[in-house]
Amino acid sequence: MTIPQSFIQELLARVDVVEVVGRYVALKKGGANFMGLCPFHGEKSPSFSVSPSKQFYHCFGCGKNGNAIGFLMEHAGMGFVDAVQDLARQVGLQVPEDDVSPQERERAAAARQKQATLSDVLEKAGAAYRRHLRESPRAVAYFKGRCVSGQVAKQYGLGYAPEGWRSLASVFPHYDDPLLEESGLVIVNEEDGKRYDRFRDRVMFPIRNVKGECIGFGGRVLGDDKPKYLNSPETPVFHKGRELYGLFEARNAIREQGYALVTEGYMDVVALAQLGFPNAVATLGTACTPEHVQKLLRFTDAVVFSFDGDAAGRRAARKALEGALPHAGDTRSIKFLFLPPEHDPDSFVRAHGSDAFARMVGDAMPLSRFLIDAASDGCDLGTSEGRAHMASNARPLWSALPDGVLKRQLLGELAELAQLDARDLLDLWQRANAREIQRSPRATPHPARHPPQGSGDLHPIPNDHAPRQARRSKSVPPPWPGPSRMPRGLPSARIDHAARLLLSHMDFMEHLSHEDHAVLCAQSAPHGPLFMWIEDLFHTTGPLPWAVLRERLRDHPCEDLALRVMTGAHAQTEGDLKELRLELRDLLNRMLVEDIKAEQSALIERAAHDPSALERYRALEQKRNALLGHPARKA
């Protein structure tokens with residue numbers, strides 16, 4: 001789904017970031033901004049600032065910042081499209097879709113309506129299960145036996161599905177409603193068409209999406225009957241391969257603790273929350289997928305997978321490794337914790353205490369180590385055959401990693417274990433990939449001309465002795481061309497701050513003279529082109545807040561510069577507007593003085609054969625003295 005950039009800009013111009021953030025964070029007016037406790041890290045004194053003029057938020061403690069869309073993505077874990085749609089509904093806008101036909105739009109609207117309807121049905125069932133829990137001594141005794149408090153039970157919405165084949169008939173008067181079957185609550189017998197409840201005599205764990213909407217259930221028997229756990233089936237709102245149990249409840253704790261703890265069962269999550277680890281989540285009876293990992297990484301850069309130490313736990317860990325590899329970037333920490341075979345996380349904490357489990361988490365195996373262990377499993381590295389087997393096992397695992405320092409380091413380690421040079425190992429792997437592509441039914445006709453990319457993305461190591469220009473990719477665009485006027489160079493902090501002031505307060509453009517515009521646009525790239533862009537946009541649209549400017553800058557050559565000057569604690573330019581305008585005036589005067597100095601140097605050289613040059617020099621000297629005597633310089 002492609003959303004036009006023009007719509008994103010219109011949306012950000014209509015929504016109020018203070019109102020959006022205020023739904024999740026208690027904000028108080030503090031000068032020109034609103035302040036509150038940062039929702040992205042634990043703090044006792046407020047360092048989280050929301051700017052009505054910029055339509056941007058910024059935390060001075062952890063550095064998180066963004067617009068209203070970014071806040072919903074960071075805080076609620078929504079995807080970009082979901083965040084846009086959520087904000088659009090709040091302001092009564094219809095999200096356009098450039099690449100979607102009218103028929104597809106109708107189907108998408110119908111699907112969204114169906115999802116909302118199914119969630120309502122599931123919420124109603126969840127409320128009934130919670131009532132039944134209070135009325136069932138057996139179910140209450142089960143949770144008490146697992147030391148689950150009433151507070152934790154309420155937080156996770158725990159319930160009980162009573163015995164009997166049609167208890168939901170008392171909740172839904174129209175028990176034959178197709179929505180009950182479509183939501184997974186009711187099963188219809190194919191032979192006789194009779195209906196009955198899917199969940200019977202089980203303690204119930206509602207599964208919520210990142211918005212907090214109920215999308216399914218997990219049920220556990222009270223005794224030893226089979227199956228021990230029963231999940232909702234795949235429905236229009238529930239997909240096991242994408243959802244994680246407890247993520248909605250754990251999202252704030254994940255940020256506060258600094259990592260997410262992934263376990264295998266519902267009770268592990270609930271019990272760990274009770275025992276001091278509220279940052280735990282669980283997969284839903286299925287192997288960990290790349291989608292699971294990607295969803296977790298919206299909330300944290302550190303993930304610890306916790307598995308039982310038995311053979312089944314090792315198999316589950318191997319699946320988690322494969323799911324995590326595509327997202328294991330250089331700035332992320334992904335680890336694997338293996339408990340003794342007789343323990344799961346719940347039983348380990350009860351037997352050894354929270355501190356012991358916390359030490360186990362701290363000592364968990366890094367992804368790089370587990371990758372090597374997985375590749376070496378069953379291989380005798382003391383023999384050539386064993387080392388060759390290990391290298392063959394490692395190829396698909398290593399290839400799944402994104403290119404970066406970690407991938408390059410692991411290549412060296414694996415090559416050392418295989419007793420090969422890193423370049424030789426890489427060459428062998430590339431040849432193996434090429435052979436696989438040739439054998440594929442969709443192989444390209446000239447594989448030698450098109451080295452394999454795909455998930456392996458086997459980039460050759462650059463030859464440091466080759467000319468730099470020869471190594472440059474042909475797809476890299478040429479540098480931004482300089483302005484027609486001779487570019488000027490200024491101290492980076494000074495010119496950065498001028499850009500920061502104009503991006504933060506675009507209305508300051510109204511106070512600039514033609515000479516001011518000229519000196520800004522004559523700055524060296526990329527600053528000069530950025531000032532040109534601001535000036536052109538100001539004449540076209542008038543002043544815009546930074547949140548809208550940021551969207552307009554996407555994929556623009558000046559985007560990196562703008563993000564750099566507008567990121568970090570130094571990027572805050574709030575305060576008295578008159579004082580800020582004087583700051584800009586002072587910066588511009590300094591730039592004009594630099595221009596005058598450059599012209600005066602050229603005039604001195606001309607003065608010997610051009611008498612008018614001296615007169616011009618004196619006039620410039622008067623102007624320079626006037627600029628240096630500006631009140632802003634004396635303050």
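- Between atom OG of residue Ser232 and atom NE2 of residue His239 there is a gap of 12.0 Å, rounded to the nearest 0.5 Å.
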Take Leu180 and Glu182, measure what side-chain contact (heavy atoms from CB on, under 4.5 Å) needs, and give me the verdict at the end. CA-CA 6 Å; Leu180 295 180; Glu182 196 168 358; over 6 Å; no
Take Trp398 and Leu325, measure what side-chain contact (heavy atoms from CB on, under 4.5 Å) needs, and give me the verdict at the end. CA-CA 8 Å; Trp398 182 88; Leu325 285 171; over 6 Å; no
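- A donor-acceptor pair is defined here as one N or O able to donate and one able to accept, closer than 3.5 Å; no such pair exists between the side chain of Arg395 and the backbone of Ser392.
- When atom types are taken as modelled, the side chain of Ser354 and the backbone of Leu275 share a donor-acceptor pair closer than 3.5 angstrom.
- For Lys335, there are no salt bridge (Lys or Arg N to Asp or Glu O under 4.0 Å) partners two or more places apart in sequence or in a different chain.
- The closest side-chain donor-acceptor pair between Asp197 and Tyr175 falls under 3.5 angstrom.
- Between Gly61 and Ser47, the shortest heavy-atom contact is N-OG, 3.6 Å.
- Contact annotation: the side chain of Asn209 never approaches that of Val237 to less than 4.5 Å [non-hydrogen atoms, C-beta and beyond].
- A salt bridge between Lys228 and Asp225 is absent, with no side-chain N of the basic residue lying under 4.0 Å from a carboxylate O of the acidic one.
- Here the CZ atom belonging to Arg195 is positioned 11.5 Å from the CG atom belonging to Leu185, to the nearest 0.5 angstrom.
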Could you pull out every donor-acceptor pair under 3.5 Å between side chains of residues 23-30 and any protein atom, sequence neighbours left out?
from	atom 1	to	atom 2	distance (Å)
Arg23	NH1	Gln90	OE1	2.6
Arg23	NH2	Glu19	OE2	3.2
Arg23	NH2	Gln90	OE1	2.7
Lys29	NZ	Gly31	O	2.5

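- Atom OG1 in Thr283 sits 9.0 Å away from atom CZ in Phe305 (nearest 0.5 Å).
- Residues Gly265 and Ala282 come closest through the heavy atom pair O-CB, 3.6 Å.
- At least one donor-acceptor pair closer than 3.5 Å links the side chain of Asp330 to the backbone N or O of Val405.
- Nearest heavy atoms, Val281 versus Ala250: CG1-CB, 4.1 Å.
- With a 4.5 Å cut-off on side-chain heavy atoms, Arg369 and Glu413 count as touching.
- Between the side chains of His292 and Thr289, a donor-acceptor pair is found at a separation under 3.5 Å.
- Put simply, the side chain of Ser136 gets close to the backbone of Ala139: a donor and an acceptor are under 3.5 Å apart.
- Residues Tyr196 and Val188 are not in side-chain contact: their nearest non-hydrogen atoms beyond the backbone lie 4.5 Å or more apart.
- Rounded to the nearest 0.5 Å, atoms CD1 (Ile215) and OG (Ser119) are 7.5 Å apart.
- You'll find the side chain of Phe338 stays beyond 4.5 Å of the side chain of Met360, heavy atoms only.
- Remark: the Tyr142 side chain and the Arg220 side chain contain an N/O donor-acceptor pair separated by less than 3.5 Å.
- Inter-residue side-chain proximity for Phe336 and Pro366 is flagged as unmet; no heavy-atom pair is nearer than 4.5 Å.
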Arg208/Glu249 under salt bridge (Lys or Arg N to Asp or Glu O under 4.0 Å): CA gap, chis, key distance, verdict: CA-CA 9 Å; Arg208 295 163 173 154; Glu249 292 82 2; 2.6 Å; yes
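- Cation-pi geometry between Arg359 and Phe357 is not met at under 6.0 angstrom from the ring centre and within 45 degrees of the axis.
- To the nearest 0.5 Å, atoms CG (Asp16) and CG (Leu87) are separated by 11.0 Å.
- Under the 6.0 Å cut-off for aromatic ring centres, Phe205 and Phe217 do not qualify, their centroids lying 6.0 Å or more apart.
- Under the 4.5 Å side-chain criterion, counting only non-hydrogen atoms from C-beta, Tyr259 is not in contact with Leu296.
- Shown here for Leu339 and Pro345, the closest heavy-atom pair between the two residues is CD1-N, 3.4 Å.
- Residue Ala83 comes nearest to Met73 through the heavy atom pair CB-CG, 3.9 Å, listed as atom of the first residue, atom of the second, then distance.
- You'll find the side chain of Trp165 stays beyond 4.5 Å of the side chain of Ile187, heavy atoms only.
- When the salt bridge (Lys or Arg N to Asp or Glu O under 4.0 Å) test is applied to Arg166, no partner is found at least two apart in sequence or on another chain.
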Going through the checks in order, is the side-chain contact (heavy atoms from CB on, under 4.5 Å) test met by Cys59 and Ser49? CA-CA 6 Å; Cys59 177; Ser49 171; over 6 Å; no
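- Judged by distance alone, the side chains of Tyr160 and Asp201 do bring a donor and an acceptor atom under 3.5 Å apart.
- Using a 4.0 Å cut-off between charged side-chain N and carboxylate O, Asp346 and Arg146 make a salt bridge.
- Side-chain contact of Ser149 with Gln274: a donor-acceptor pair under 3.5 Å is present, judged by distance alone.
- Counting non-hydrogen atoms of other residues, nucleotides and ligands closer than 6.0 Å to CD of Gln151 gives a total of 12 or fewer.
- Across all their heavy atoms, Leu37 and Pro46 have their closest contact at CD2-N, 3.6 Å.
- No salt bridge links Asp120 with Lys124; every basic N to acidic carboxylate O contact stays at or beyond 4.0 Å.
- The existence of a salt bridge linking Glu291 and Lys295 is excluded, since no basic side-chain nitrogen approaches an acidic carboxylate oxygen closer than 4.0 Å.
- The backbone N or O of Ile207 lies less than 3.5 Å from no partner atom in the side chain of Glu243, so there is not a single donor-acceptor pair.
- With hydrogens and angles disregarded, a donor-acceptor distance shorter than 3.5 Å links the side chain of Ser170 to the backbone of Ser167.
- When only modelled atom types and interatomic distance are considered, Ser347 and His343 share a side-chain donor-acceptor pair under 3.5 Å.
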Show your reasoning for whether side-chain contact (heavy atoms from CB on, under 4.5 Å) applies to Asn33 and Val18. CA-CA 9 Å; Asn33 297 334; Val18 177; over 6 Å; no
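- Side-chain atoms of Gln55 come within 3.5 Å of backbone N or O of Val17 as a donor-acceptor pair.
- Taking the six-membered ring where the residue is Trp, the centroids of Phe48 and Phe60 are separated by 6.0 Å or more.
- Using a distance-only test at 3.5 Å, with no hydrogens or angles considered, no donor-acceptor pair links the side chain of Lys319 to the main chain of Cys288.
- A donor-acceptor pair under 3.5 Å links the side-chain atoms of Arg332 to the main chain of His327, judged by distance alone.
- Under the side-chain contact (heavy atoms from CB on, under 4.5 Å) test applied with Phe238, the options Leu122, Leu284, Leu118 reduce to a single match, Leu284.
- Counting only heavy atoms from C-beta outward, the side chains of Glu264 and Asp344 never approach each other to under 4.5 Å.
- The line from CG of Asn393 to CG of Asp377 is 8.5 Å long, rounded to the nearest 0.5 Å.
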